[in-house]
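Below: one structure, written as structure tokens.
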Amino acid sequence: MMKPLGTILLIAVVFQLKAQTATNVNSSTPFEIRQNALRAQLQLTPHEDSVFFPVYKLYFESISEIRSQNPGLMTRAMNLDSLSDEKVTAMLNLQLSLAQSEANLKQEYFPKFLTLLPPKKVARLYQLEKVNTQNMKLVNSPKQDIPETK
Amino acid sequence: MKTKLITVCMAIFYCCTLFSQPLTDSQKQAIMAKKVAFITNELQLTPTEAQTFWPVYNLYQAEIDAVRKNRAAELLTVKQDSISNLSNADIQKLIDNEFTLQQQELEIKKKYFDGEFEKVLTLQKVVKLYRAEQLFKIYLLKESQNKTPGTTPGGK
């Protein structure tokens, strides 16, 4: 009597573990997704990996915070003609200020990265960051706002 | 899921490095013609506005081009193979230079979007111009992906 019950419990535990693993894979944070992409591209040594990613995480969180303040100018859903001069000026100033903050952040962190990784890997990181930014713009733009290409 | 994301990123990086090869004069002219048409459509300029706007925009574009000309051979266009041939000192210099040029470009944008364009456009159209420039970059990126087989935005 106890044996079948034990088997059922064991199967239930195995299924539960499997389900949790699947959930974890699908619920990777944006940082983890980025981290995995960089791991695949930069080919860091275990030491480089351990010293680089804690600093990169701070950079990633700061840049995400700056980007989250974007006033949403880039979508055509926003009817700019209906906004007052004061409002559009404030939005444009914010946009320019965020662009400056992002540039400042890069200038602050890339010298730090150079103390943690060989310059060649930092150069590669710079290229990958740039491409990732373009990629994010493409992915985050509402489909109807992306002009059709021929 | 992760593998797919990495593949998409790599495909896009490949497109971008292809796209960032130095352009020929005729390619530049073709892009500028598309850009003019795109901005004209986005801004819905009146003939009077067009008359005063384009000379200012051309000055802005010339200043941006002058900075980008210096950037053209810089970090993003240096292929991965070329990076490994550069000395550490050269790479450090490239990175420093990249930030200097990036800041110069940002200063030009501030000068025009927070001043010069307001003299010839309504504030709403200045913001539309900013948006049009961003959308045009996305358009070019998408176009470069479509030209490269197997690297469509779907990333299959």
Side-chain angles (χ1 to χ4, degrees), chain A residues 25-26 28 32-34 36-41 73-76 78-89 91-93 95-97 99-100 102-104 106-107 110-111 113-114 118-124 126-128 130-132 134-135 137-139 141 145-150, chain B residues 1-3 5-6 8-10 12-17 20 38 41-42 75-76 78-80 83-84 86-92 94-96 98-99 102-103 105-106 109-110 113-114 118 122-128 130-131 134-147 153:
Chain A
V25 167
N26 290 327
S28 296
E32 286 166 343
I33 292 169
R34 187 83 196 111
N36 285 323
L38 287 178
R39 274 192 175 128
Q41 290 276 328
L73 279 184
M74 292 312 129
T75 167
R76 287 199 184 96
M78 182 173 283
N79 182 6
L80 295 170
D81 291 321
S82 67
L83 301 177
S84 66
D85 286 359
E86 290 73 23
K87 179 83 178 162
V88 287
T89 304
M91 288 170 82
L92 186 58
N93 287 343
Q95 192 82 50
L96 292 170
S97 146
Q100 184 61 66
E102 204 170 313
N104 291 346
K106 285 179 186 164
Q107 291 195 45
F110 273 79
F113 295 148
L114 279 165
K120 282 168 192 170
K121 289 187 181 178
V122 177
R124 185 79 180 137
Y126 182 87
Q127 292 179 326
L128 294 168
K130 195 144 188 164
V131 172
N132 184 54
Q134 289 171 322
N135 181 21
K137 281 182 187 165
L138 185 60
V139 170
S141 297
D145 285 351
I146 303 175
E148 280 305 312
T149 59
K150 286 175 188 172
Chain B
M1 173 72 180
K2 286 179 188 173
T3 318
L5 260 169
I6 292 168
V8 171
C9 289
M10 286 171 78
I12 289 174
F13 181 75
Y14 175 69
C15 294
C16 289
T17 47
S20 55
F38 188 76
N41 183 50
E42 288 288 313
L75 211 49
L76 192 62
V78 176
K79 286 182 183 172
Q80 197 176 5
I83 290 178
S84 38
L86 293 172
S87 71
N88 286 350
D90 283 344
I91 289 178
Q92 193 136 3
L94 267 179
I95 293 172
D96 290 344
E98 178 70 17
F99 286 126
Q102 208 175 59
Q103 187 59 42
E105 197 173 317
L106 199 50
K109 283 189 176 165
K110 285 183 196 169
F113 280 97
D114 196 16
E118 289 173 14
T122 64
L123 287 166
Q124 285 74 10
K125 286 192 178 179
V126 173
V127 180
K128 280 184 187 174
Y130 192 91
R131 181 169 71 188
Q134 303 293 316
L135 288 175
F136 188 71
K137 277 186 203 164
I138 295 172
Y139 165 83
L140 288 181
L141 181 62
K142 193 179 162 196
E143 190 181 58
S144 71
Q145 286 177 359
N146 289 347
K147 280 180 184 169

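Order of the sequence lines sets the chain letters (A, B, ...), proteins ahead of strands, with each chain counted from 1. Below, each value reflects all heavy atoms present in this structure, side chains not excepted, and no hydrogens, waters or symmetry copies. Since the structure is predicted, the reported quantities are computational estimates derived from the model, not experimental observations.
With sequence neighbours excluded, the residues that form a salt bridge (charged side-chain N to carboxylate O under 4.0 Å, His left out) with B:Lys110 are B:Glu107. For A:Ser84, the side-chain contact (heavy atoms from CB on, under 4.5 Å) criterion is met by A:Glu86, A:Lys87, not counting sequence neighbours.
A:Lys106 has no carboxylate O lying under 4.0 Å from a charged side-chain N of B:Glu98, or vice versa, which leaves the two without a salt bridge.
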Run A:Met91 and B:Val127 through side-chain contact (heavy atoms from CB on, under 4.5 Å) and show every step you take. CA-CA 8 Å; A:Met91 288 170 82; B:Val127 180; 5.6 Å; no
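Here the shortest heavy-atom pairing between B:Leu86 and A:Lys120 reads O-CE, 2.9 Å. Summarising the geometry of A:Leu96 relative to B:Phe113, their closest heavy-atom pair is CD1-CB, 4.3 Å, with the distance given to 0.1 Å.
Of all the listed residues (B:Val126, B:Leu106, B:Thr122), the one sharing the greatest number of non-hydrogen pairs under 4.5 Å with chain A is B:Leu106. Contacts with chain A were tallied for B:Glu42, B:Lys125, B:Gln124; B:Gln124 has the most, counting heavy-atom pairs under 4.5 Å. When each of B:Gln92, B:Lys109, B:Gln103 is scored by its heavy-atom pairs under 4.5 Å with chain A, the top score falls to B:Gln103.
Atoms CD1 and OH, from B:Ile95 and A:Tyr126 in turn, are 9.0 Å apart once rounded to the nearest 0.5 Å. Between A:Glu102 atom CD and B:Gln102 atom CD the span is 8.5 Å, to the nearest 0.5 Å. For the atom pair B:Asp96 CG and A:Leu114 CG, the distance stands at 8.0 Å (nearest 0.5 Å). Interatomic distance, A:Thr89 OG1 to B:Glu118 CD, rounded to the nearest 0.5 Å: 6.0 Å.
Only the backbone of A:Leu83 comes within contact range of chain B, with at least one heavy atom under 4.5 Å from a heavy atom of that chain.
Considering only heavy atoms from C-beta on, A:Asn93 comes within 4.5 Å of B:Asp114 through its side chain.
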